[in-house]
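Note that the structure is predicted; figures quoted are calculated from it, not measured.
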Amino acid sequence: MTDLVERLVPDQLWVLFRRVVPPSEVKRPQGGGRRRAGDREALAAIIFVATSGCTWRQLPPVFGPSWQTVYRRFAQWNRDRVWARLHRVVLDELGVRGELDWSRCAIDSVSPAGRKGGPLTGPNPTDRGKLGSKIHLITDRNGLPLSLGVSGANMHDSQGLEPLVRGIPPVRSRRGPRRRRPKKLHADKGYDYDHLRRWLRGRGICHRIARKGHESSQRLGRHRWVVERTVSWLAGCRRLHRRYERKAEHFLAFVAIVAALIGYRRLSR
C-alpha cells in the first residue's frame with residue numbers, strides 16, 4: 001500500500017469506514033476473473049478527487065484501481081448510503097468523546113456555481129442569474145457539520161431551516177440519551193421570519209435570528225463565525241468549489257464526504 005493511500009485513509013478512518021461499507025462481493029464459484037480492487041485504495045482515490053477537484057479521468061495510477069472502477073465504487077456506495085452513514089458514525093464518535101457542543105449551533109449556506117445544470121440547480125440571484133446550487137448546513141458551536149442539504153441557488157435560505165433541523169440525526173452522547181436538538185440556533189437576517197421563530201420555539205429550540213433593519217449582524221458574528229469558517233472548509237475541498245456533477249445525488253455525496261472528513265480531523269487531533 002502506498003504512502004499516499006495511508007495518508008488519505010489513516011487507520012482510524014479506515015476502521016470507521018469498514019463499519020458502514022457493505023461486504024464486498026463473494027468470489028465467483030467457478031473461479032477466474034480479475035482480483036477485486038481494494039476498498040481502501042478506492043476510498044483514498046475518492047477522497048483525492050474530493051479534495052483536489054480533479055476529474056475522474058485525471059486520477060493518477062498510484063492508487064491502483066482504474067478511474068472507471070473508482071467511479072463505479074463511488075456511485076455504488078452512494079446508492080448504499082455509505083457516505084451519509086459515514087458522516088453519522090463520525091458524529092457518534094465525536095458525541096461519545098464529548099467533542100460536540102450543542103449549546104450554540106449556527107445555520108448558513110453557500111452557493112457554488114453549477115454551469116453543467118442538472119437537478120437541484122437554479123439561477124443564482126447574487127451572481128447575475130448564473131446556474132448554481134446551494135449547500136445548506138447547520139454546525140455545532142465548534143463548526144462541526146451536523147446537518148447538510150443541497151438545493152438550487154435560487155432557493156431562499158429560510159426555506160432550508162426546517163428541513164435542516166429535522167435532518168439532524170440522533171447523535172450519541174458521552175452520558176445520557178442520543179441528542180438531536182441544539183439548545184440555541186443562531187442565524188443571519190436571511191432567516192428573519194416569525195413563522196420560523198414559532199416553529200423553533202415549538203421544538204424547544206431557543207432562536208437567535210438577526211432582525212432586518214433593527215440590529216447589526218456584528219453581534220451575532222461573535223457566534224456565527226464558526227459556520228462561516230466551516231463554509232470556507234467546504235469550499236477548500238476543490239470538488240465543492242464548483243458543482244461538476246450533473247447528478248444531484250453525487251454532488252450531495254461529496255458534501256457528505258467532506259463533512260465526514262471535517263469531523264474526522266477533530267477526532268484525530
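- Of the possible donor and acceptor atoms, none in the side chain of N124 sits under 3.5 Å from a partner among the backbone N and O of G132.
- Across all non-hydrogen atoms, the minimal contact from F251 to P112 is CZ-CG, 3.9 Å.
- Follow the hydrophobic side-chain contacts under 4.5 Å out from I205 and you reach V171 in the same cluster.
- The structure places CG of D92 at 9.0 Å from CG of L100, a figure rounded to the nearest 0.5 Å.
- Minimum interatomic distance between I257 and A50 (heavy atoms only, all atoms of both residues): CG2-CB, 4.4 Å.
- When only modelled atom types and interatomic distance are considered, R141 and S103 share a side-chain donor-acceptor pair under 3.5 Å.
- Under the 4.5 Å side-chain criterion, counting only non-hydrogen atoms from C-beta, L240 is not in contact with V110.
- With contacts defined as side-chain heavy-atom distances shorter than 4.5 Å, the pair W233/L261 does not qualify.
- More than 12 heavy-atom neighbours from other residues, nucleotides or ligands sit within 6.0 angstrom of NE2 on H156.
- Proximity of a side-chain donor or acceptor of R174 to a complementary backbone N or O of R97 within less than 3.5 Å is detected.
- Across G167 and S147, no two heavy atoms sit closer than the pair C-OG, 3.6 Å.
- In this structure, R265 places its CZ atom where more than 12 heavy-atom neighbours from other residues, nucleotides or ligands lie under 6.0 Å away.
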Could you go step by step and tell me if L43 and V21 meet the side chain to side chain contact (heavy atoms under 4.5 Å, CB included) rule?
-> CA-CA 11 Å; L43 176 60; V21 68; over 6 Å; no
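- Within the 3.5 Å criterion, the main-chain N or O of L120 finds a donor-acceptor partner in the side chain of S133.
- Look at K134 and D157 and you find a salt bridge, because one of the NZ, NE, NH1 or NH2 atoms lies within 4.0 Å of a carboxylate O, short of that distance.
- Cluster membership check: L91 shares its hydrophobic cluster with L267, using side-chain heavy-atom separations under 4.5 Å among Ile, Leu, Val, Met, Phe, Trp and Tyr.
- Residues H87 and P169 form no side-chain contact, since every pair of their non-hydrogen atoms from C-beta on lies 4.5 Å or further apart.
- Side chain of D140 to backbone of D101: a donor-acceptor contact under 3.5 angstrom is found.
- One distance of note links CZ of F63 with CZ of R40; it measures 12.5 Å at 0.5 Å rounding.
- Hydrophobic clustering keeps V150 apart from L131 (ILVMFWY residues linked when any side-chain heavy atoms are closer than 4.5 Å, directly or through intermediates).
- Residues W77 and I46 form a side-chain contact, since some pair of their non-hydrogen atoms from C-beta on lies under 4.5 Å apart.
- A 4.5 Å side-chain heavy-atom check between P182 and I168 finds at least one atom pair inside the cut-off.
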Verify salt bridge (Lys or Arg N to Asp or Glu O under 4.0 Å) between D80 and R73, making sure each step is shown before the conclusion.
-> CA-CA 10 Å; D80 294 333; R73 204 74 58 86; over 6 Å; no
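- When atom types are taken as modelled, the side chain of R208 and the backbone of K184 share no donor-acceptor pair closer than 3.5 angstrom.
- The backbone N or O of I209 sits less than 3.5 Å from a side-chain atom of R197, completing a donor-acceptor pair.
- A salt bridge does not link D108 with R229: every distance from a Lys NZ or Arg NE/NH1/NH2 to an Asp or Glu carboxylate oxygen is 4.0 Å or more.
- Taken to the nearest 0.5 Å, the CG atom of L144 stands 5.5 Å off from the CZ atom of R266.
- When hydrophobic clusters are built by joining Ile, Leu, Val, Met, Phe, Trp and Tyr residues whose side-chain heavy atoms come closer than 4.5 Å, directly or via intermediates, L164 is grouped together with L252.
- Taking the side chain as every heavy atom from C-beta outward, V89 and F17 never approach each other to under 4.5 Å.
- Side-chain N or O atoms of R239 include none that pairs as donor or acceptor with a backbone N or O of R242 at under 3.5 Å.
- When every heavy atom of G122 is checked against every heavy atom of N154, the shortest pair comes out as CA-OD1, 3.6 Å.
- V255 and M155 are assigned to two separate hydrophobic clusters, defined by single-linkage of ILVMFWY side chains at heavy-atom distances under 4.5 Å.
- Counting only N and O atoms by type, the side chains of Q76 and R79 include a donor and acceptor under 3.5 Å apart.
- Nearest heavy-atom pair, T230 versus G143, reported as atom, atom and distance to 0.1 Å: OG1-O, 2.6 Å.
- Pairing each heavy atom of G263 with each of V90, the nearest pair is C-CG1, 3.6 Å.
- A 6.0 Å sphere centred on CZ of R178 holds more than 12 heavy atoms belonging to other residues, nucleotides or ligands.
- Rounding to the nearest 0.5 Å gives a distance of 13.5 Å between CZ of F74 and CH2 of W67.
- A distance of 7.5 Å separates CG of L8 from CZ of F48, quoted to the nearest 0.5 Å.
- Between D192 and R211, the closest side-chain pair of non-hydrogen atoms falls below 4.5 Å.
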Does the side chain to side chain contact (heavy atoms under 4.5 Å, CB included) test come out yes or no for L161 and L200, once each step is laid out?
-> CA-CA 10 Å; L161 186 145; L200 289 171; 3.9 Å; yes
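- Considering CD of E99 and CZ of R269, their distance stands at 6.0 Å, rounded to 0.5 Å.
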Evaluate the side chain to side chain contact (heavy atoms under 4.5 Å, CB included) criterion for residues L196 and H207: first the C-alpha distance (whole Å), next the side-chain angles of each, then the deciding distance (0.1 Å), finally the verdict.
-> CA-CA 9 Å; L196 294 179; H207 57 77; over 6 Å; no
Given V227 and H186, is the side chain to side chain contact (heavy atoms under 4.5 Å, CB included) satisfied, shown in steps?
-> CA-CA 10 Å; V227 69; H186 289 259; over 6 Å; no
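- Surrounding CZ of R166 are more than 12 heavy atoms belonging to other residues, nucleotides or ligands, all under 6.0 Å away.
- Here the side chains of H250 and Y71 are in contact, with some heavy-atom distance below 4.5 Å.
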